[in-house]
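What follows is a set of notes on a single structure, which appears directly below.
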2 protein chains.
Amino acid sequence: MRILQAVTDDYILTAEPVGSRTIARKYSLGVSPATIRNEMADLEELGYLQQPHASAGRIPSDLGYRYYVDGLMTPASLDEEERWAIQTELSRRTAIEELVHSTAQVVASMTRYASLAVVPRIEDAILKRVELIALDPQVVLVVFVGIPGLVEHRVVETHRSWTQEELARVEAVLNDCLEGVSVRDLGRTLYQQVADVLGDPDLYDGAASLLEDALAAGGDERVYVEGAINLFHQPEFRDVDRLRPLLEFLEQKDALLNILSSHGQSGLTIRIGQENGQGPLEGCSLVMATYEVGGQVVGQIGVLGPTRLEYSRVVAVMRLVAEELSQALARRRNRP
Amino acid sequence: MRILQAVTDDYILTAEPVGSRTIARKYSLGVSPATIRNEMADLEELGYLQQPHASAGRIPSDLGYRYYVDGLMTPASLDEEERWAIQTELSRRTAIEELVHSTAQVVASMTRYASLAVVPRIEDAILKRVELIALDPQVVLVVFVGIPGLVEHRVVETHRSWTQEELARVEAVLNDCLEGVSVRDLGRTLYQQVADVLGDPDLYDGAASLLEDALAAGGDERVYVEGAINLFHQPEFRDVDRLRPLLEFLEQKDALLNILSSHGQSGLTIRIGQENGQGPLEGCSLVMATYEVGGQVVGQIGVLGPTRLEYSRVVAVMRLVAEELSQALARRRNRP
DNA sequence: GTTAGCACTCGCCGGTCGCAAGTGCTAGCA
DNA sequence: TGCTAGCACTTGCGACCGGCGAGTGCTAAC
């Protein structure tokens with residue numbers, strides 16, 4: 001175990017296959033290189049180490065990293081300075097998207113890997129309020145305010161012409177009847193109650209299709225990717241042909257969204273190499289954390305790098321960041 | 001001139017230095033390779049061509065490209081299909097940011113280079129309307145609606161507590177007094193008239209600092225970069241060390257903003273190689289166009305690639321796109 | 001003014017070779 | 001029985017080198 005730990009630590013640091021001599025010199029295990037060689041041969045047989053070629057040192061396999069992550073690595077802690085950097089960055093923002101976005105930026109710059117972040121969709125939020133504003137007779141600005149401090153506006157072209165008075169009436173009824181309803185349900189499924197209170201069926205139809213269109217117009221930009229260029233510095237991506245597929249993958253926001261949001265339960269998850277399935281993520285590791293509002297997971301944030309990842313540091317950063325982000329969101333919500 | 005044209009055309013196509021034989025074979029100039037060699041030696045002496053090394057063919061210099069762009073190149077025209085792709089993409093959006101953003105995406109995918117786009121700032125717009133909504137007693141949602149169909153919302157934490165009634169009063173006064181004012185001037189320089197109409201100096205102060213904070217909170221994300229990975233396919237960026245500085249430069253949104261928005265006059269500009277100044281853009285060419293609302297330039301859009309750029313095609317795409325974008329924005333505005 | 005011929009230049013490619021790092025194995029020692 | 005020193009073996013990597021081919025510039029002739 002101590003040899004596996006030493007090999008992994010050293011390889012994470014140097015990106016060079018680690019030989020028995022190196023370990024004997026740099027890590028005081030109290031045994032000679034020859035002994036280490038014997039043990040390393042065993043570790044290779046067990047699948048924890050592998051050899052890029054016969055005359056080279058050893059590097060950890062995915063399994064080796066997994067074992068390392070699950071128990072061997074020494075947990076890192078962060079400088080006061082770094083904690084402070086995160087906290088001030090988060091206290092500078094109020095809008096939730098910006099909060100999450102700048103969190104992703106901080107994570108990228110602190111870890112020097114790529115970072116990913118998912119912002120909650122307004123559709124998943126509980127409606128707090130909706131505002132309807134006529135920009136032109138047939139263009140309406142719809143502003144949704146959702147419960148975890150989420151605000152989104154949509155500009156909708158309508159078939160029907162609207163006066164500001166009509167919109168004000170609809171707005172008032174909606175806000176009276178629908179507070180606490182999931183935003184997703186605002187579309188065609190507008191409730192009977194709204195129809196009753198509004199009275200006018202024409203107005204009701206217009207409102208329903210207005211909201212439906214507003215929800216359909218929706219921002220697809222829910223995943224932020226920051227610091228992708230950091231991957232350039234990693235020796236494993238020195239080769240363009242290895243880097244390109246990865247960067248191309250990072251452009252596919254829907255795929256990223258799938259991966260990140262599949263990680264629904266609260267807490268921290270590490271996916272190593274092949275655990276990400278086949279494809280461009282095969283040689284990468286992904287550390288994911290969730291952030292919450294009111295005890296409920298509303299989004300995810302992740303770090304992506306080569307399998308040779310500084311796991312302990314990344315885990316420390318992610319723990320702190322997820323915590324701070326959740327707290328910042330909570331502060332926004334529970335103001336006096 | 002015909003030889004310069006042939007060399008440039010061929011080099012743009014193949015990315016290989018062009019020899020006299022190749023030109024004689026592929027372009028029917030009616031002369032032999034020997035003649036072409038003589039002329040090419042002259043063109044090199046004049047600075048239009050250069051030789052990567054003694055035994056290689058010629059490639060155009062920046063000056064050569066400049067001459068080519070200014071008169072030699074044969075203007076490209078676009079397929080009906082491509083025009084159609086642009087038009088449908090633009091008709092699917094209504095919000096101005098999305099319109100510009102998806103324009104940038106279309107340009108990137110059509111040219112296979114990187115594309116840049118600047119969205120107008122709400123600060124530069126004329127105020128059409130402002131909405132103030134209390135989210136919490138000390139958190140106000142400010143929605144600005146600007147004249148070229150620009151909408152932006154900001155969430156502001158305030159020192160003072162606001163009731164919705166107070167906000168409604170301020171909002172009414174602001175909308176009465178300040179329609180047509182530049183959004184930028186909404187902050188501290190709130191006009192005397194507003195103070196007079198409001199009466200209450202406390203309310204006036206609160207409103208002024210609320211708007212000031214709202215403007216300060218402002219989105220710094222005004223430049224979109226799309227298709228940066230397309231640059232991977234260009235042989236001149238095969239080398240990571242050549243590509244990285246460029247991608248790093250593309251991350252500096254403020255520098256990009258400077259470059260693009262310095263191009264203020266209406267129309268199309270091409271900057272070739274060193275014309276971009278020293279630094280990461282030295283080996284690149286930039287084609288910039290403006291888009292307008294009501295005859296006024298409100299934003300820019302650009303294409304970035306190696307100096308060996310398909311100028312004629314890029315110019316055709318940019319002409320069309322700028323035109324279509326301006327028209328789409330005009331349609332949004334002049335609805336019946 | 002144009003062209004054919006020819007000697008010359010130089011980057012690229014494939015092969016060879018020595019070096020260095022690291023291994024596995026064996027024999028010896030506590 | 002576990003550990004260690006010694007040693008032969010493997011193999012990737014970088015340097016060196018020579019032939020090839022593309023392309024040039026020059027000269028002489030038309």
Side-chain angles (χ1 to χ4, degrees), chain A residues 1-61 64 235-236 238-242 308, chain B residues 1-61 64 235-236 238-242 308:
Chain A
M1 278 169 51
R2 287 170 62 203
I3 289 174
L4 177 56
Q5 183 181 16
V7 170
T8 312
D9 278 338
D10 203 76
Y11 184 61
I12 287 176
L13 204 67
T14 64
E16 299 281 324
V18 190
S20 52
R21 236 177 79 90
T22 314
I23 290 188
R25 228 180 329 150
K26 287 171 67 175
Y27 303 82
S28 350
L29 301 188
V31 292
S32 80
T35 311
I36 295 174
R37 280 205 290 282
N38 280 330
E39 295 296 324
M40 293 209 313
D42 291 348
L43 285 168
E44 185 171 359
E45 209 164 330
L46 292 170
Y48 293 106
L49 292 181
Q50 56 195 32
Q51 226 174 348
H53 56 263
S55 77
R58 302 303 210 294
I59 64 177
S61 66
E236 24 273 280
R238 205 50 169 293
D239 185 5
V240 180
D241 296 327
R242 205 165 293 278
R308 186 185 60 79
Chain B
M1 278 168 50
R2 287 170 61 203
I3 288 174
L4 177 55
Q5 183 181 17
V7 170
T8 312
D9 279 338
D10 204 77
Y11 184 61
I12 287 176
L13 204 67
T14 65
E16 300 281 323
V18 190
S20 53
R21 235 177 83 89
T22 314
I23 292 188
R25 227 181 329 153
K26 286 171 67 175
Y27 303 83
S28 349
L29 302 188
V31 292
S32 81
T35 311
I36 295 173
R37 279 205 291 281
N38 281 329
E39 296 294 325
M40 291 206 318
D42 292 348
L43 284 169
E44 184 170 359
E45 207 165 330
L46 292 170
Y48 293 107
L49 292 181
Q50 56 194 31
Q51 226 173 349
H53 56 263
S55 77
R58 303 301 210 294
I59 65 177
S61 66
E236 23 274 279
R238 206 49 169 292
D239 184 6
V240 180
D241 296 326
R242 205 166 293 278
R308 186 186 61 79

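Model, not experiment: these values are computed from the prediction. Note on naming: letters A, B, ... go to the chains in the order of the sequence lines (proteins, then strands), and numbering restarts at 1 for each one.
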For this session: May I ask you to verify whether the side chain of B:Arg21 and the base of D:dG23 hold a donor-acceptor pair under 3.5 Å?
Result: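 Counting by modelled atom types and ignoring angles, no donor-acceptor contact under 3.5 Å is found here.
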
For this session: Could you tell me whether the side chain of A:Ser55 has a donor or acceptor atom within less than 3.5 Å of a complementary atom in the base of D:dT11?
Result: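 When only heavy-atom distances are counted, A:Ser55 does reach the base of D:dT11 through a donor-acceptor pair under 3.5 Å.
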
Of all the nucleotides listed ([options]), which has the minimum atom distance to the side chain of [X]?
X	options	answer
A:Ser32	D:dG25, D:dT4, C:dT23	D:dT4
B:Ala54	C:dT9, C:dT23, D:dT11	C:dT9
A:Met40	D:dC26, C:dT23, C:dG22	C:dT23

Exercise. Is the shortest side-chain N/O distance from A:Arg58 to OP1 or OP2 of C:dG24 below 4.0 Å?
Worked result: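 The answer is yes; a side-chain N or O of A:Arg58 sits under 4.0 Å from OP1 or OP2.
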
Using whole Å, what does the distance between atom [atom2] of nucleotide [N] and atom [atom1] of [X] come to?
X	N	atom1	atom2	result
A:Asp42	C:dG24	CG	C1'	12 Å
B:Glu16	C:dC12	CD	C1'	12 Å
A:Asn38	C:dG24	CG	P	8 Å
B:Ile23	D:dA22	CD1	C1'	14 Å
A:Leu29	D:dC3	CG	C1'	14 Å
A:Ile36	D:dA5	CD1	P	11 Å
B:Arg37	D:dA22	CZ	P	14 Å
B:Ile59	D:dA22	CD1	P	20 Å

For this session: Please assess A:Arg58 against A:Ile23 for the test side-chain contact (heavy atoms from CB on, under 4.5 Å), listing each intermediate value before the final yes or no.
Result: CA-CA 11 Å; A:Arg58 302 303 210 294; A:Ile23 290 188; over 6 Å; no

[atom1]/[X] to [atom2]/[Y] distance, rounded to the nearest 0.5 angstrom?
X	Y	atom1	atom2	result
B:Thr22	B:Ile36	OG1	CD1	9.0 Å
B:Asp9	B:Tyr27	CG	OH	5.5 Å
B:Arg238	A:Asp239	CZ	CG	9.0 Å

Seminar exercise, completed: Of B:His53 and B:Thr35, the one whose closest nucleotide on DNA chain C sits nearer the 5' end is B:Thr35

Exercise. When you measure from the side chain of B:Ser61 to the backbone N and O of B:Gly47, does any donor-acceptor pair fall under 3.5 Å?
Worked result: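 Yes.
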
